[in-house]
Amino acid sequence: MKKIPKRIWTAAALCLFAAAVCVYLGVTFSSMWKDQPIYPGPGVTEIQMLSDYNPGLKGTHGDTEVYVLDSGKPGAAVLVLGGTHPNEPSGVVAAVALIENCQPKTGVLYVIPRANHSAFTCTDPQEGAPMFFTIATPGGDRTFRFGSRATNPIDQWPDSDVYVHRTSGQTLSGSETRNLNRAYPGSNSGTFTERVTYGITELVKQKDVKITVDLHEASPEYTTVNAIVAHQDAIELASWASMDMQMEGMNISIEASPTNLHGLSHRELGDFTDTLATLMETANPSQGRLRGRTNADLVVKGVDKYYVRARKAGSVTVEFTEAGIPIDERVARHICGIEQLCKAYNELGNEQTIELDGLPSYQEILTNGIGYYLSPGK
Amino acid sequence: MDIELLVLLAMLGVFLIGNLLLKLPVSLSMILGAVAGALVAGEGVPIRHLFEGCFTYVDTILIISTAMLFMTAIQRSGALEALNALIVTKFYKVPALMLILLMFIVMFPGMITGSSTAAVLSAGAIVAPILLKIGIPKARAGAILAVGAIMGMAAPPVNIPAMLIAGGVDMPYIGFEGPLFLITIPCAIFTVLFLGLKYCKNLDIEELKKDLDMEVGKKYGFKLYIPILLLVVLLVLTRAVPKIMPQLGTPLIFLLCAVVAVFTGRRFNAWEGGLEAMDTTIPVLAKLMGVGMFIQILTLTGARGYIVVSCLGWGLVALYIAICTIMPGFGAVSSYGAASVMGVPFLLVLLDTGDQITIAALLSFICCLGDLMPPTALAGNYAAQIVGLKYKPVLKHCVIPFLVCIALAVIYLLNSKYMGFLTR
């Protein structure tokens, strides 16, 4: 019998090793495909799907829940987007807290907690991010996914070398092709990501949404942080809200949505629909470029020695101390911001009003932690 | 001492021991370095992170592989030889102009794709034989290709590091053309004349013709050039009229053109050509994989933050020094990584010192120079391969052009407040 050459054995052994690694990794990565449960609170009257607004999404990973909290009384409609970027976790947690606590007294609140549903199923290469993080609730730990900034390449790939925004023709790095917040107003015949934003834009149009709040986080060294970014039509609203937020003890600024930066929710929803489009940013050290060790602790506690040093060196404008910027504080800012935007809308003398009840205050969340207001699960 | 510094030292130490002492391939040494870093940081062997780190380069790997297939195809079809003969016979009387035109040809694919690798492997492969035939030594010819490809990568309209830096601060990629042209064109012209001109005086066309294949062009005529023209047309159309032209993607464009080359010139065995192309390219692809793992572990363990914050803490003068040294040095790992990891924080610190778009453009230019940095040295590696050398002698000749590029970039950076008119 002919002797099998040594290199064949080596190749076979390497192939077997690679196969074993692939199986292990397949199991590891597929753990992110399961949606973490959200427990609808007393205010939730209906759970729709985004495919109700863009049927092309049905059966795809782009389809996602739209929680409807209808007061049953006439009033304005408000849309809150969490999870546009799942690597900005306070937006997701704040959206879930709304769903589980809020009870509108007038008007309707729509909440999409996982706006880019696909992006929750992977993490960004070279970011060293954790797949999950947990928040302690009175009934035990509640697990959330820490996803990617962009749509999972399984759903949309390859990226073009240069991303050309559909309606404006603006060019951006090809890596932005799968970024939900560069794909507005979307298209029902466009890319996977554009079909998702098209669904959101349709919801805004069909439900005559008066205020849209897109919840985000940014690196602490970023210039637009601890801020409300507002379309020019929403500047007055945001200014009123920010004054009330400052009175509650928050440092918050207003940024006008740049007219020449396209694809973002605050620009395109403001231009293409009648909504007052806003976006809120908090400082998240777990996505910054200056951060130290990256893990779930950093996501939740927000403590990072390198940001402290960078702040002392003047490289970071946001206040960053040894206490860090915990997720409790970041979520509190978002929830308080949403509440204040709604109050400001009512105070500005609009005919239809939106009154939210059942939400913890900024100080209550700081005192008790956001876990206190999350359902312990079943 | 910070644990992150220990991690960094362990990673670099194991990499150097693996590569220099044990003579392991760069790729394997980087993987071992990454594993060592994870172990020192107490992360065990994080298979998921090692695997995930590679994924950044999937698109780059596709571009490199298909560009290599294209290059092999046009070499074997005879298109390269025919084009060489054409350019030399038309321009031999004005060597300086010929060299500058050749440099622009090298730059062109980089300007369109934003990739120095694509430039070296497509236009570089076309220009290299001409440079060698007119008498420029191999190492200098390789250096011209490497620097030219990087100038193309940095030149507008497509500069990916600039897009990454701009994206990091929500700055639209608008107005970059002026500053980028102002830095890339003079640097490209200087490089090609400095490295090549003294070898190109008094060219004897009759002597050159002896080395050129004057027949293949005559035999197959215009159709021989169809793959190259198709490449230019598809690359330009996908950028110029993106709303009309479907986005085929650079890998598919290279692949289509390679297939066309099989039918437009000399007959050759496409399967063998493909195997040869992949054989030569796999070591560089493996390096990219190793680099991906290395960066992921740097980030996971906090060593990346240690590097960036250390640079930022040194004050403005030291910051400029870091921009000139560490930022291109990071290109040894990845020039795109340098743009994202270092370019964005550096831009934020420099925002108030001058014109913001000009600063972003110049930082991106310096990041692009990282493609000359060993061990990855993507541009240098492939340029060396094309002229048939190891990359060290090629990189040696890149030193002076590199220093001139850096010096000019710093002069512009210091005077960026006067350059705002270029961005309007």
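So that the names make sense, note that chain A is the first sequence line, chain B the second, and so on, each numbered from 1.
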Most heavy-atom pairs under 4.5 angstrom with chain B, which of A:Leu298, A:Val164, A:Asn179? A:Val164

Assert top hit (heavy-atom pairs under 4.5 Å, partner chain B, pool A:Pro125, A:Gly292, A:Ser219, A:Gly174) equals A:Pro125

Engaged part of B:Leu62 at the chain A interface, taking heavy atoms whose separation is under 4.5 Å: side chain

Which portion of A:Tyr24 sits near chain B, non-hydrogen atoms under 4.5 angstrom: side chain

What part of A:Asp159 lies closer than 4.5 angstrom to a heavy atom of chain B: side chain, backbone, both or neither? both

Using 0.5 Å steps for rounding, measure from the CG atom of B:Asp2 to the OH atom of A:Tyr306. 3.5 Å

Could you look at B:Thr250 and say if it's the side chain, the backbone, both or neither that has a heavy atom under 4.5 Å from chain A? both

Output the option from A:Ala129, A:Ala218, A:Ala310 having the highest count of non-hydrogen pairs under 4.5 Å with chain B. A:Ala129

For A:Thr171, is it the side chain, the backbone, both, or neither that has a heavy atom closer than 4.5 Å to a heavy atom of chain B? both

Does the A:Glu176 side chain pair with the main chain of A:Arg182, one donor and one acceptor, at a distance under 3.5 Å? no

Which atoms of B:Ala303 come close to chain A, meaning under 4.5 Å heavy atom to heavy atom: side chain ones, backbone ones, both, or neither? neither

Contact part of B:Leu351 toward chain A, heavy-atom cut-off under 4.5 Å: side chain, backbone, both or neither? side chain

So what's closer than 4.5 Å to chain A heavy atoms on B:Val58: side chain, backbone, both or neither? side chain

Between A:Val21, A:Asp304, A:Asn295, A:Asn260, which has the largest tally of heavy atom pairs under 4.5 Å with chain B? A:Asn260

Could you measure the distance from the SG atom of B:Cys368 to the CG atom of B:Leu180? Nearest 0.5 Å is fine. 8.0 Å

Portion of B:Ile47 that has a non-hydrogen atom of chain A nearer than 4.5 angstrom: both

Looking at A:Lys305, I'd like to know if its NZ atom is crowded, meaning that more than 12 non-hydrogen atoms belonging to other residues, nucleotides or ligands lie closer than 6.0 Å. yes

Per-residue contact mode, A:Leu290 against chain B (heavy atom under 4.5 angstrom): both

NZ/NE/NH1/NH2 to OD/OE distance under 4.0 Å, A:Arg149 and A:Glu88: yes

Tell me, side chain or backbone of B:Ile63 under 4.5 Å from chain A's heavy atoms, or both, or neither? side chain

Toward chain B: residues of residues 312-321 of chain A with heavy atoms under 4.5 Å: A:Ala313, A:Ser315

Option from A:Val300, A:Thr294, A:Asp297 for which side-chain contact (heavy atoms from CB on, under 4.5 Å) with A:Pro130 holds: A:Thr294

Name all residues meeting the salt bridge (Lys or Arg N to Asp or Glu O under 4.0 Å) criterion together with A:Glu221; count only those two or more places apart in sequence or in a different chain, and write none if there are none. none

With chain B, which of A:Arg166, A:Gln170, A:Met131 has the greatest number of heavy-atom pairs at distances under 4.5 Å? A:Met131

Mind checking the CG-CD1 spacing from B:Leu363 to B:Ile165? Nearest 0.5 Å is all I need. 5.0 Å

